[in-house]
Undergrad: 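Quick one: this structure, given as C-alpha cells, is what I'll be asking you about.
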Amino acid sequence: MLQDLKKKVLEANLELPKRDLVIYTWGNVSAIDRDTGLVVIKPSGVAYEDLKAEELPVLDLEGNQVEGRLKPSSDTITHILLYQAFPEIGGVVHTHSPWCTVWAQAGKAIPSLGTTHADYFYGEIPITRKLTKEEINHNYEKNTGEVIIETFEDKNPSYMPGVLVNNHGPFNWGKTPQEAVSNAVIMEEIAKLAYYTQSLTDAVKPIDNSLLDKHFLRKNGNDSYYGQVTK
Ligand SMILES: O=C(CO)[C@@H](O)[C@@H](O)COP(=O)(O)O
C-alpha cells in the first residue's frame, strides 16, 4: 500500500516539470493514506530527475517523520495542515506556476470569467490575506497552511480545489495526487485565460450564477452527466 502511494507521489511530482508548472526544485506534491494517516511527500531541494520512490519521506499527521533519511519538503507542515482540515482530499500540490503566481503577487483573486473556469472551480478562485510580519517570522509554513484554512472557512474544498497564497503562489488539492496536479494544471490555464481576457477589456464581469451552476454541476454535482460515467 505505502509502496504504491510512493510510486503515485513520484509520478505526480514528475508531472510538474513535464507540465511546465515548475523549474529547478520548485514545487512539491504529497499524498495521504487515510487508513493509516501517513503522508508521503517530495524531499526538500532534490532535483526532480533524482527523485526515487523508495527515498520519499513519510510522515504521520502530527508531522513526525517515520520513514526515509531525506528531509521532507520545506512546505510539509502546510500540506499536513490541509490534510487535517480537509478530510475529503488525498493529494496536495504547491508550485510557483507563472500565471497563478502573477495573480498571487498582485494580491488578486481569479474571477470566474467563463465556462472553462466554471467547469472546475465553483466561483472566484480565492486569494488569502497577506501574512503578518509575526506570522512570517515565526512558523511561516504553518501560518501559510492556517491562512489557507482561514480563507476556506466558508468554502467547500471539493468545489474549490485551489487557492492563491498572497505574495506567494498556488496550492491545489484533489482526491488523489494525480487529481491535485490536474487541478494545478487547469488553474494555471485559467489564470492565463483570465489575465488575457482582462487585458482586452476591464469591463468584463464574472459569469452569471446560472451559467456557473450549469457548467460546474454538470461535471461535479450529484446530477453530473459529463463524460461516460453512468449513474
Ligand atoms: O518555493 C518554495 C517555497 O514555497 C518551494 O515550493 C520550493 O522551493 C520547493 O521547496 P522544497 O524542495 O519542496 O523544500
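Atoms within each ligand, like the ligands themselves, are counted from 1 in listed order.
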Undergrad: Give the minimum heavy-atom separation between Pro43 and Leu56, together with the two atoms involved.
TA: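 That would be CD-CD2, 3.7 Å.
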
Undergrad: Parallel under 30°, tilted from 30 to 60°, perpendicular over 60°: which one fits the rings of His117 and Phe121?
TA: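 Because their plane-to-plane angle is over 60°, the rings of His117 and Phe121 count as perpendicular.
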
Undergrad: Exactly one of Phe171, Tyr159, Phe152 should register a ring-ring contact (aromatic ring centres under 6.0 Å, His included) with Phe86. Which one does?
TA: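 Answer to the ring-ring contact (aromatic ring centres under 6.0 Å, His included) test with Phe86 among Phe171, Tyr159, Phe152: Phe152.
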
Undergrad: Would you please test His215 and Asp119 for side chain to side chain donor-acceptor pair (under 3.5 Å) and show each step?
TA: CA-CA 5 Å; His215 270 265; Asp119 277 341; 2.8 Å; yes

Undergrad: Taking salt bridge (Lys or Arg N to Asp or Glu O under 4.0 Å) as the criterion, tell me which of Arg129, Lys130, Lys142 meets it with Glu135.
TA: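 Only one option passes, and that is Arg129.
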
Undergrad: For this output row, return yes or no: ring centroids of His168 and His96 closer than 6.0 angstrom.
TA: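 Between His96 and His168, which both carry aromatic rings, the centre distance is below 6.0 Å.
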
Undergrad: Protein residues near ligand 1, heavy-atom distance below 4.0 Å?
TA: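 Only Thr25, Trp26, Gly27, Asn28, Lys42, Ser44, Gly45, Ser73, Ser74, Asp75, His94, His96, His168 have heavy atoms that fall under 4.0 Å of ligand 1, ordered by chain and number.
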
